[in-house]
Amino acid sequence: MAADEFTQRYDAALAGRIEERWQASWMERDLFRVPNPGDPGFDASKPKFYVLDMFPYPSGAGLHVGHPEGYTATDIVARYKSAKGFNVLHPMGWDAFGLPAEQYAVQTGVHPAVTTKSAIDAFRRQLQRLGFRYDWSREFGTIDPEYVRWTQWIWLRAYGSYYDERSGRARPIAELEAEWDAQNPSVEVPSSPGGAAHSSHQWSACAPWQRQAALDMRRLAYLGRQTVNWCPKLGTVLANEEVIDGLSERGGHPVLRLPLRQWMFRITAYAQRLLDDLALVEWPDSTKTMQAEWIGRSEGAEIHFDLEGFGPLTVFTTRPDTLFGATYMVVAPEHPIVAAIAARESTGAVATYAAWARNRSDIDRQAARGEKTGVALGIFAVNPVNGERIPVWTADYVLMGYGTGAIMAVPAHDERDFEFAQQFSLPIRQVVAAPDGSAWSGDRAMSGDGIACNSSHRECSLDGLVQAEAAARIVAWLEDKGLGRRLVNFKLRDWLFSRQRYWGEPFPVVFDETGMHHPVTEAALPVTLPELVDYAPVESDRPVPPLGKAHEWVNTTAGEAGVDSRLLPPGAKVRRETNTMPGWAGSCWYYLRYCDPQNPSRFASREAESYWMGDRGVDLYIGGSEHAVLHLLYARFWHKLLFDLGEVGTKEPFAKLFHQGMITSFAFERADGSLVPSTDAVEEAGTWREQATGATLTRVIAKMSKSLKNVVTPEEVIAEYGADTLRLYEMAMGPLAESKPWNTRDITGVFRFLQRVWRLALDERTGELLLARVADPDVERHLTRAIHKVGHDIERLAFNTAISALIEAVNAATRPTQMKDSAAGGFTRDQLGRFLRALAPFAPHIAEELWSRLGETQSISLAAWPEVDLSLLEDESVEMPVQIQGKVRTRVRVPALATPAEVERIVLADPKVLEQLGGREPKKVIVVPKRMVNLIAE
RNA sequence: GCCGGCGUGGCGGAACUGGCAGACGCGAUGGACUCAAAAUCCAUUGGGGCUCACACCUCGUGCAGGUUCGAUUCCUGUCGCCGGCACCA
């Protein structure tokens, strides 16, 4: 039999032809374009479904097989929901500002826009080859000027707002300014421009720069001071993990920790709402927990101690009940009091320690955790509750960024304080007794709950109270005396939003000659990046962002920059902000732009936004768990800000979130632990050997990486099997949420399944349809069950078991090779049509092809989901396992609708059961309808 | 250290709310078809035992206990792997 007889065999070449043809056809017919309310063709009677992928950063390396995993999952859901009668919004776009393109530009001088564009084109081509039903008419990149316009606009809205604690929401800062104009309050302002020291002034008596500073202290986007890791040699700010022992990880250059004026977001104002509203969303518990821990709410009290010679020193503590046990205090090395002491001491010990501690990176501090360092400041504080004088120390285990940067140390009941006290021989006083009354051993801190002891004086006694009661009583006493108050603290810090980079959104703000900042008007947006010849960082002791090199762009006039003439005369000289926004900016709101991506007058029309976002936001959002905290928290923050300002209608952006697992790959290790490229490993009789040497290898599971030579690309797989097989394999591998290893060998399973589907429908030699004339009841039952299960499984994102069900249906219908009579076995026309509609979300091309060969003229992606006759799901009788003494001994067939009593009667009459019972009387009979019977005998 | 998740055949995995462990796929073995091979189709495939018999017995979901008529599922302890956080007062 000649091979070319099988001209209609479903092989990689045919799959490829089918796929590319349908992809072109879908595109040509604009099949996946979804109209907005008001557009022609919009059907308002349908419910909406918004299913979103975390959009990719298009790198030059292109896609690997991990990328399409989540995209395939959302595509299946999108196709299914569409078939179920929803208006489905399923868009794709590009997170396109970022460091790799900038670094490439530094090396080659090629503008990042050029490399980014080609990377986007490659990504789009690769994604389109997988047949996703994205509405490509909604595509955009975060670098598009029209998108940047609205990113800058949102930033301006934050800049122009403050958080009103009384109403618990953001409001225009102009309202606060008007209020201050009317009431002329006393405000805290710096004594000199940019200075750190503050003093109180009447609002009306403030100079303009002081007014601006006072308002900056309330703005949601504000200019703040943040200590950064500046590397003069590299000319860049480094993340903590890029600094090792005070040197840059890259190059080993010295790194300075210095304070920098940077744009910040007052995300801390939203801490409580970001925490509370986690209850509104359907997200993985692990992700909610991570966000909650990141926000880090803790309840406690602030307590004012009197520092002899310096006035009050306020601390935050979660254990006010242990106040009587405070035997010393500690302030962070960066605390202002430390600098004051250092300035007047004679030995220099404090100054030396503070300088040493300041230049230790956060990472170094963490690495040396446990070994406590510190010096005594030589001054004393007075414990407000008992008037006791206790020494004040500075130590780097106290962090300036949390609470007030100062603590009261209670070594008996805090592990860190205990270690420190032991190291420096400071007194330790027990003020909490174990709940069971046992004595404290004193060899480690007792930090748990207990009964207060040694905690009383004339006015206030905590002795005998449990922690919560003791805390409440002491706080009440402190509040009464004006010595402290109840306080909730958060770990969450304000968000540093400036980057000393080129390839990011410019800030729409300029500085006048006095150093005051002024916003660019909305009409002048977007502020676009200037062209640069040289993108390299500037080597300097003082941070100079790359944009500083664009002198003409930076130094301009208020009119040129688009500043409102009521703020500055058009001819006034101004300097543009040279920092840019971080990569997060574009990803904070892209899901909103998809609702109405071409809108020239608003980020999205109110109508489109309220239709697609609905009551709860994006209906399904799928992406990696690596974004569990930052991206998702930042996006929620922007969304809440927009909600407060009346720009969006939902409290939360993403109703349901799901993280796909990572696709790993096998890697091969020699006995000495060195790695061998996967391509050089061969399997012989169950063991793996290196092809060249024959040495035994150990197979391990690892991330895909170039160095391990275990990267698999979609192209390779498509070339060998086609896109439908790739999609199907990725979904069949296992649960979407789990990480799972790519196993090239297993792909053949789903490929063979598609071949069987193909053969079931038509003759491989002639291409003629092969349809059963009458429906086999057994096949019908399998098919009905499969369709029912597939729908159910897609709803719960269990694609692997949905595919199993499809395979079972096909296996039930598959006719033996020899059976040439198409009347026996196989699907009828109607059955095949229903099967294809259930297959289409997973393998849309082959489903479309066979659908059209059935004579259908409309695309299968416009067809409705097949109805299921639920009565066929139930058999008339069911086989129930019978357990005797908890072990399955036999099975008995009973009518499906039999009552438990009837089942019991049938079972007890069964000869096999009687034999097993051996004459014993069942003491108890448990019948679980349709499940099983359990007989308990003596 | 703390928090979360996961441990099931040779391999990937299935088992809805505590009710027949191993669906489906890979691999393997045997068979049909073929001159032969590939492809395809059929059958078998957790370990052990027993048998003429796929009648049956027994062990088995990381390990050790517990709750229950019944546990992969719930509880306690423990080991291993993965992810996150990490001096946050």
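Chain A is the first sequence line, chain B the second, and so forth, proteins listed ahead of strands; every chain is numbered from 1.
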Self-check item: Separation of the P atoms in B:G62 and B:G7, to the nearest angstrom
Solution: 8 Å
Quiz prompt | C1' atoms of B:A32 and B:A38, separation to the nearest Å | solution = 15 Å
Practice problem: Name the residue closer to the 5' end of RNA chain B, choosing between A:G403 and A:T289 according to the nucleotide with the nearest heavy atom. | Solution: A:T289
Quiz item: Which value, in whole Å, describes the distance between the P atoms of nucleotides B:G18 and B:C74?
Solution: 7 Å
Quiz prompt | Nearest listed nucleotide, side chain of A:N934, among B:G19, B:G25, B:C24 | solution = B:G19
Quiz item: A:K740 has a side chain; which of B:G13, B:G4, B:C41 sits nearest to it?
Solution: B:G13
Quiz item: Using atom C1' of each nucleotide, how far apart are B:U61 and B:G46 to the nearest Å?
Solution: 11 Å
Quiz item: Do A:D746 and B:C26 have a side chain to base donor-acceptor pair shorter than 3.5 Å?
Solution: no
Quiz item: Between B:C87, B:C26, B:C24, which one does the side chain of A:D396 approach most closely?
Solution: B:C87
Self-check item: A:I926 side-chain proximity, nearest of B:A14, B:C69, B:U40
Solution: B:C69
Quiz item: Taking the six-membered ring for Trp, are the ring centroids of A:F658 and A:W283 within less than 6.0 Å of each other?
Solution: no
Quiz prompt | Distance under 6.0 Å and angle within 45° of ring axis: A:K372 vs A:F420 | solution = no
Quiz item: Any idea which of B:G4, B:A89, B:G19 is nearest the A:T317 side chain?
Solution: B:A89
Quiz item: B:G25 and B:U45: how far apart are their C1' atoms, nearest whole angstrom?
Solution: 14 Å
Quiz item: Choosing from B:A89, B:G12, B:C24, which nucleotide comes nearest the side chain of A:I807?
Solution: B:C24
Quiz item: Using atom C1' of each nucleotide, how far apart are B:A89 and B:U8 to the nearest Å?
Solution: 45 Å
Exercise. Could you please name the option among B:A14, B:C87, B:C85 that lies closest to any side-chain atom of A:W294?
Key: B:C85
Quiz item: Hey, is the side chain of A:R891 pairing donor to acceptor with the base of B:C20 inside 3.5 Å?
Solution: yes
Exercise. Verify whether one side chain among A:T748 and A:Y721 offers a donor that lies under 3.5 Å from an acceptor in the other.
Key: no
Quiz prompt | Donor on one side chain, acceptor on other, A:T801 and A:D793, under 3.5 Å | solution = yes
Exercise. With P as the reference atom in both, quote the distance from B:C26 to B:G84 in angstrom, rounded to an integer.
Key: 34 Å
Quiz item: What's the verdict on salt bridge (charged side-chain N to carboxylate O under 4.0 Å, His left out) for A:D778 and A:R781, showing C-alpha distance, side-chain angles and the deciding distance?
Solution: CA-CA 5 Å; A:D778 188 52; A:R781 200 165 49 244; 3.0 Å; yes
Exercise. May I ask you to verify whether the side chain of A:K372 and the base of B:C87 hold a donor-acceptor pair under 3.5 Å?
Key: yes
